[in-house]
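Order of the sequence lines fixes the chain letters, A, B, ..., with proteins taken first and strands second; residue numbering starts at 1 for each chain. Here the structure is a predicted model, which is why all the values come from computation and not from measurement.
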Number of protein chains: 2
Amino acid sequence: MSATMRDVARLAGVSVKTVSNVVNDFPYVSERTRARVLAAIAELGYRMNFSARNLSLGRTGMLALAVPELRLPYFAELADAVIAAAAERGYTVLIEQTGGVRERELAVLTSDRRRMTDGLIFSPIGLRAADGAQLDVDYPMVLLGERALHAGVPHVAMANAEAARAVAGHLLSVGRRRIAVVGSSDEPGPSAGSLRTRGLLDTLAAAGVTHDPALVGEALEWTRAAGAAAMRQVLDRGVEFDAVFGLNDVLALGAMRVLYERGLRVPQDVAVAGFDDIEDGRFSRPSLTTVEPGKAEIAGSAVALLVEHLTTTGPGPGASVVAGFRLHVRESTAG
Amino acid sequence: MSATMRDVARLAGVSVKTVSNVVNDFPYVSERTRARVLAAIAELGYRMNFSARNLSLGRTGMLALAVPELRLPYFAELADAVIAAAAERGYTVLIEQTGGVRERELAVLTSDRRRMTDGLIFSPIGLRAADGAQLDVDYPMVLLGERALHAGVPHVAMANAEAARAVAGHLLSVGRRRIAVVGSSDEPGPSAGSLRTRGLLDTLAAAGVTHDPALVGEALEWTRAAGAAAMRQVLDRGVEFDAVFGLNDVLALGAMRVLYERGLRVPQDVAVAGFDDIEDGRFSRPSLTTVEPGKAEIAGSAVALLVEHLTTTGPGPGASVVAGFRLHVRESTAG
DNA sequence: TTGTAGGCGTTATCAA
DNA sequence: TTGATAACGCCTACAA
């Protein structure tokens with residue numbers, strides 16, 4: 001059995017409370033006793049029991065982060081950023097994978113595991129507007145995504161539509177007019193995909209360019225394989241196009257792979273742009289034009305909102321943050 | 001305040017212990033009382049307090065997984081596999097990032113956070129043989145990596161040398177003789193990199209092919225950027241080569257990017273092979289020949305060994321598992 | 001500046 | 001089959 005505070009107290013000849021004071025860096029502990037206690041701690045190899053502390057404190061010091069899948073580069077990078085932001089504030093992150101599936105996303109909200117944490121940073125993609133009520137939970141939560149999903153829950157969004165308009169503007173500026181969209185889904189509502197699509201279409205419309213619905217490729221999930229399938233779908237329709245907007249980077253990379261297989265040159269025949277600025281796109285052939293959606297800012301704001309929520313009493317005001325973005329033009333759309 | 005067992009007990013007109021029995025699916029609870037208790041639980045919206053249970057049980061039901069970085073695809077995929085394997089046995093995984101830096105790896109072994117978990121699955125890459133003693137910890141641990149790091153700690157290895165020999169054999173079979181190595185480091189000892197390198201060199205030697213030391217490119221970390229830098233290092237030496245063995249996939253992908261920038265064709269001028277079988281390599285241009293090192297088996301074995309360690313008394317026998325591998329030949333070495 | 005008493009919510013022991 | 005009671009190890013009063 002490992003040593004407890006009581007053991008340390010006994011060895012140091014002080015009370016448990018004093019040991020606690022030393023361990024928690026409380027003021028008002030004389031140097032002499034502090035030294036004695038520290039010596040005893042070292043001698044016994046004492047380590048705090050967190051279960052006991054958590055029980056006593058009524059908190060765990062852990063935050064849950066629920067994302068679709070860790071193996072999707074965007075979420076791996078996001079998780080990394082959240083872990084870093086949480087660490088700065090003394091919190092540990094427990095990662096939860098939902099697969100982007102509605103049922104599993106709903107399950108996260110009420111799971112036992114959730115109760116091991118003080119709050120939740122939730123990035124849902126399968127939930128529909130009708131599920132909004134389920135987000136009315138009795139613990140601190142911050143949403144990553146669109147406000148429309150449920151007012152009243154603080155959330156951090158990215159500038160999906162605006163960034164997509166920037167992408168569209170860029171594609172227009174390099175002379176592209178027939179722009180295929182890879183990765184859209186039938187789901188209605190303000191998903192990242194529909195907002196990005198809308199941003200693109202709005203810009204095209206504003207430029208007087210009509211968009212052919214046959215240029216839209218569907219993807220149920222946002223993976224390379226799904227991007228490849230969506231690209232094939234569009235190609236097999238035999239419609240012409242001179243650019244592809246992948247609703248995120250892995251979709252775009254999957255699409256580029258298919259373009260390569262079909263003998264189409266990027267960017268000469270088809271320009272390709274993505275969204276997320278994952279590391280892969282900086283080393284792909286060709287390198288991928290994309291939008292960096294402010295991952296660090298998103299992570300930082302989410303943790304800040306959540307911790308604020310945690311340390312103040314009562315529910316917050318349902319704050320809202322929109323992270324800044326940046327367009328990175330690379331080889332896949334050059335010229 | 002949320003409801004406690006005491007509240008449930010009161011409402012159901014039973015004792016706390018009975019509530020506990022119901023919640024934990026103990027036998028010897030009459031259907032009548034069970035029903036009453038469940039009704040009370042539903043009415044009060046009772047949820048178990050894990051801090052209290054953990055304190056009482058002396059365990060947390062969490063396993064720590066320490067890896068270099070989640071944004072490295074191999075570790076994201078490994079983490080995913082470990083989470084799945086742990087879930088099957090009712091455990092939750094707490095991910096710890098070390099950056100692959102020795103100091104942080106040592107810190108993980110004694111960190112406070114580690115004490116929130118029942119055991120550790122540890123994938124060190126910065127530790128040296130001399131740090132072996134530090135691995136003598138008083139809690140259950142399973143190492144991912146080479147046994148030589150510390151006998152006595154159960155570990156799960158991949159067939160680094162054997163798989164590398166398979167890669168070398170394949171490169172030889174497609175007529176390559178001057179094979180550059182991307183990603184080696186000066187660190188002595190049985191690291192994955194040195195084992196893979198040795199496997200390659202052994203096979204070359206056995207085939208009567210002498211290896212030019214100028215063909216080795218160094219990389220301090222295993223990232224695309226480092227792979228690119230290592231490839232440039234070799235190219236800038238002006239030595240000729242007809243193949244590249246990236247000690248892992250991201251290194252190989254970084255190298256491929258540089259070959260492309262320098263106008264070298266893959267596989268016509270240079271064949272490229274990697275290690276890990278990350279998803280990126282299946283969609284890269286060209287797709288990447290690689291070794292699938294048995295990630296699922298590694299994760300499954302690690303969790304199994306750890307949980308076994310956890311549930312039996314005393315330290316285990318220092319078991320050892322070597323996962324099977326599989327060579328995937330793709331475009332980057334075709335012909 | 002330090003000590004004592006009581007409680008945090010669960011589980012284990014042992015009677016009943 | 002169920003209940004009372006004592007841990008589990010720490011923290012927050014309140015006292016000294």
Rounded to whole angstroms, how far apart are [atom1] on [X] and [atom2] on [N]?
| X | N | atom1 | atom2 | answer |
| --- | --- | --- | --- | --- |
| B/Asp7 | C/dT10 | CG | C1' | 13 Å |
| A/Phe26 | D/dC11 | CZ | C1' | 8 Å |
| A/Asp112 | C/dT10 | CG | C1' | 14 Å |
| B/Met5 | C/dC8 | CE | P | 15 Å |

Between A/Met158 and A/Leu144, is a side-chain contact (heavy atoms from CB on, under 4.5 Å) present by the stated rule, with each step listed?
CA-CA 8 Å; A/Met158 48 177 84; A/Leu144 302 186; over 6 Å; no
Between A/Glu105 and A/Arg102, does any NZ, NE, NH1 or NH2 come within less than 4.0 Å of an OD or OE carboxylate oxygen?
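No salt bridge links A/Arg102 with A/Glu105.
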Just the table, please: protein N/O against nucleotides 2-5 of chain D N/O, every pair under 3.5 Å.
unit_1 : atom_1 : unit_2  : atom_2 : d
D/dT2  : OP1    : B/Ser30 : OG     : 3.0
D/dT2  : OP1    : B/Thr33 : OG1    : 2.8
D/dT2  : OP2    : B/Ser30 : N      : 3.1
D/dT2  : OP2    : B/Thr33 : OG1    : 3.3
D/dG3  : OP2    : B/Ser15 : N      : 2.8
D/dG3  : OP2    : B/Ser15 : OG     : 3.1
D/dG3  : OP2    : B/Thr18 : OG1    : 2.5

Over 12 non-hydrogen atoms of neighbours within 6.0 angstrom of CG in A/Leu220:
no
Pairwise side chain to side chain donor-acceptor pair (under 3.5 Å) hits with a residue in residues 57-68 of chain A, at least two apart
A/Arg59-A/Tyr91, A/Thr60-A/Asp118
Pairs satisfying side chain to side chain donor-acceptor pair (under 3.5 Å), at least one member in residues 66-76 of chain A, at least two apart:
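Side chain to side chain donor-acceptor pair (under 3.5 Å) check on residues 66-76 of chain A returns A/Arg71-B/Asp80.
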Selection: residues 47-61 of chain A, any non-hydrogen atom under 4.0 Å of DNA chain C:
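Residues of residues 47-61 of chain A that come under 4.0 Å of DNA chain C are, in numerical order, A/Leu55, A/Ser56.
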Any side-chain to backbone donor/acceptor pair from B/Arg114 onto B/Thr117? Under 3.5 Å, distance only.
yes
Atom pair CG (A/Leu55) and CG (B/Asn54), whose distance is rounded to the nearest 0.5 Å
9.5 Å
Apply the test side-chain contact (heavy atoms from CB on, under 4.5 Å) to residues B/Ser123 and B/Phe75: give CA-CA distance (whole Å), side-chain angles for both, the deciding distance (0.1 Å), then the verdict.
CA-CA 9 Å; B/Ser123 178; B/Phe75 291 108; 3.6 Å; yes
Stepwise side-chain contact (heavy atoms from CB on, under 4.5 Å) check, A/Ile41 with A/Val23
CA-CA 9 Å; A/Ile41 286 177; A/Val23 168; 3.9 Å; yes
Residues that B/Asn21 engages under side chain to side chain contact (heavy atoms under 4.5 Å, CB included), provided they are two or more places apart
B/Lys17, B/Phe26, B/Val29
Inter-end axis angle, the helix from C/dT1-D/dA16 to C/dA16-D/dT1, with every axis fitted to five base pairs (rounded, 10 degrees):
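Roughly 30°, once rounded to the nearest ten degrees.
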